[in-house]
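First up is the structure itself, then whatever we jot down about it.
For the numbers below, each heavy atom of this structure counts, side chains included, while hydrogens, waters and symmetry mates do not. The residues of the chain are indexed from 1 along the displayed sequence.
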Amino acid sequence: MQWTNDSTFPGFILLGFSDRPQLELVLFGVILFLYLMTLLGNATIILVSVLDSKLHNPMYFFLSHLSFLDLCFTSSIIPQLLVNLGSSDKSITYGGCVTQLYVSLALGSTECVLLAVMSYDRYVAVCRPLHYAFVMHPQLCYILAFMAWLSGVATTLIQSTLTLQLPFCGHRQVDHFFCEVLVLIKLACVDPTFNQAELFVASVLFLLVPLSLILISYGHIAQAVLKIKSASGRHKAIRTCSSHLMVVIIFYGTIIFMYLQPAKSRSKGRGKFVSLFYTVVTPMLNPLIYTLRNKEVKAALK
């Protein structure tokens, strides 16, 4: 039967890690633990950023947005993954898949832009410390956060909609553990060249452009740090940026590896584990990095 993409479509089968049945129970336990840690860590960051008046500044304003993003992103993927790992039923409804596609892509794209915005905040803090309060005023922070969210919503409305316009011709088996553009394009029974080209352009816009802005910001920061004569001053400047820089390296490293490598060189098994890293491990590491390397957050927690 040649189903179209509408309410009559019976849904998809998320193959996930079903080719490694011996790993499913282990993955269920590990992922459940990491998911609970993600919820606890990011919720804690949001709470201390709101409740502690000493953290009412642009850096923690953007950090609370990052934590909220990570909470929503993991919650759009992990519960369904846990259900599939813990049972023999690997199905997801068409509506569930569509929701997962739109939400996860919007949040992932927003995070790419938000990390670039946070690098600009660090640039102003280190390179223009005397003008920091004037430049990073609350209105600008709200505008930058709104632009990050708006860019994520815009890209998912375009990219996800174009993907769902492709006819799947009854192909239901998704060789992944969640619904994302890359794997759904492969299910199409027509030539997906246009969608692949559009995905590559979107990947460049939301990966390489923000990453370039981040590198430019840190290039200026490095120059400013080298000009600081006192060792304590240099240490303070480095400490100010180190947490954000570690998050950027982890996030962009896995995402670029996943989306910008040639299609022919992609390994299905390796791709799933890389996706598992940026959907489960990275959101759990973010609050941990900021907590362990930031004295203000440690003090607020105490």
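Here the CE-CG distance, from M284 to L39, works out to 12.0 Å after rounding to the nearest 0.5 Å. The CG atom of L150 sits 12.0 Å away from atom OG of S109, with the distance rounded to the nearest 0.5 Å.
Considering only heavy atoms from C-beta on, L27 comes within 4.5 Å of L276 through its side chain. No side-chain heavy atom of F178 sits under 4.5 Å from any side-chain heavy atom of I78. Side-chain contact between L14 and H176 is absent, with no heavy atoms from C-beta onward closer than 4.5 Å. In this structure, V183 and L187 have side chains that are not in contact, with every pair of non-hydrogen atoms separated by 4.5 Å or more. Side-chain atoms of E198 and T163, non-hydrogen and from C-beta on, never get closer than 4.5 Å to each other. Put simply, the side chain of V190 reaches to within 4.5 Å of the side chain of P167, judged on heavy atoms. Counting heavy atoms from C-beta on, the side chains of E111 and D70 come closer than 4.5 Å. Contact check for M136 versus F62: side-chain heavy atoms found under the 4.5 Å cut-off.
Minimum interatomic distance between A43 and L71 (heavy atoms only, all atoms of both residues): N-CD1, 4.2 Å. W149 and L69 get closest at one heavy-atom pair: CH2-CD2, 3.5 Å. Closest approach of L205 and P210 over heavy atoms only: O-CD, 3.0 Å. In plain terms, the two heavy atoms of R122 and M59 that are nearest each other are NH2-CB, 3.5 Å. Smallest separation of non-hydrogen atoms from Y120 and V135: OH-CG1, 3.7 Å. Heavy atoms only, all atoms of each residue included: C112 and F251 are closest at SG-CE2, 3.7 Å.
Taking the six-membered ring where the residue is Trp, the centroids of F17 and F273 are separated by under 6.0 Å. Between F168 and F12, the distance from one ring center to the other falls under 6.0 angstrom. Taking the six-membered ring wherever Trp is involved, the centroid distance between the rings of F61 and H65 falls below 6.0 Å.
Between the S151 side chain and the A148 main chain, a donor and an acceptor come within less than 3.5 Å of each other. Counting only distance, with no hydrogens or angles, the side chain of R234 and the backbone of K229 share a donor-acceptor pair below 3.5 Å. Distance alone, capped at 3.5 Å, is enough to place a donor-acceptor pair between the H137 side chain and the L140 backbone. In this structure a side-chain-to-backbone donor-acceptor pair under 3.5 Å is present from K272 to G16. Side-chain atoms of N57 come within 3.5 Å of backbone atoms of Y60 as a donor-acceptor pair (strictly under, hydrogens ignored). Looking only at distances, no side-chain donor or acceptor of Q173 sits under 3.5 Å from a matching main-chain atom of I13. Judged purely by atom type and a 3.5 angstrom limit, T161 has no side-chain atom pairing as donor or acceptor with the backbone of I158.
Side chains of D89 and S87: no donor on one and acceptor on the other come within 3.5 Å. In this structure, a donor-acceptor pair under 3.5 Å is present between the side chains of Y132 and D121. No hydrogens or angles considered: a donor-acceptor pair under 3.5 Å links the side chains of Y218 and H244. Between the side chains of T156 and S160, at least one donor N or O sits under 3.5 Å from an acceptor N or O.
Note on F200: it does not cluster hydrophobically with L162, by side-chain heavy-atom contacts below 4.5 Å among ILVMFWY residues. A continuous path of ILVMFWY side-chain contacts below 4.5 Å connects L288 to L63, so both sit in one hydrophobic cluster. Grouping the Ile, Leu, Val, Met, Phe, Trp and Tyr side chains by contacts below 4.5 angstrom, directly or via other members, places V181 apart from L15. Linking Ile, Leu, Val, Met, Phe, Trp and Tyr residues whenever their side-chain heavy atoms come within less than 4.5 Å leaves M147 and V209 in two separate clusters. Note: the hydrophobic cluster containing M118 also contains F68 (ILVMFWY, side chain heavy atoms under 4.5 Å, direct or indirect links).
If you chain together ILVMFWY residues whose side-chain heavy atoms come under 4.5 Å of each other, L40 ends up in a group of its own.
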Tell me, with the steps shown, if N195 and L199 meet side chain to side chain contact (heavy atoms under 4.5 Å, CB included).
CA-CA 6 Å; N195 295 77; L199 176 62; over 6 Å; no
Begin from the C-alpha positions of I221 and C127 and carry the test side chain to side chain contact (heavy atoms under 4.5 Å, CB included) through to its verdict.
CA-CA 6 Å; I221 288 171; C127 299; 4.3 Å; yes
Could you please spell out the steps behind the side chain to side chain contact (heavy atoms under 4.5 Å, CB included) verdict for C241 and V126?
CA-CA 9 Å; C241 303; V126 175; 3.6 Å; yes
For side chain to side chain contact (heavy atoms under 4.5 Å, CB included), just list the numbers for L101 and V98, CA-CA rounded to whole Å, side-chain angles, deciding distance to a tenth of an Å, and then say yes or no.
CA-CA 5 Å; L101 178 68; V98 169; 5.6 Å; no
Should K186 and D175 be marked as a salt bridge (Lys or Arg N to Asp or Glu O under 4.0 Å) after you check the CA-CA gap, both sets of side-chain angles, and the distance that decides it?
CA-CA 9 Å; K186 294 178 181 178; D175 194 12; over 6 Å; no
Sequence neighbours left out, cut at 3.5 Å: what donor-acceptor pairs do the side chains of residues 28-38 make with other protein atoms?
| from | atom 1 | to | atom 2 | distance (Å) |
| --- | --- | --- | --- | --- |
| Y35 | OH | S75 | OG | 2.9 |
| T38 | OG1 | L34 | O | 2.8 |

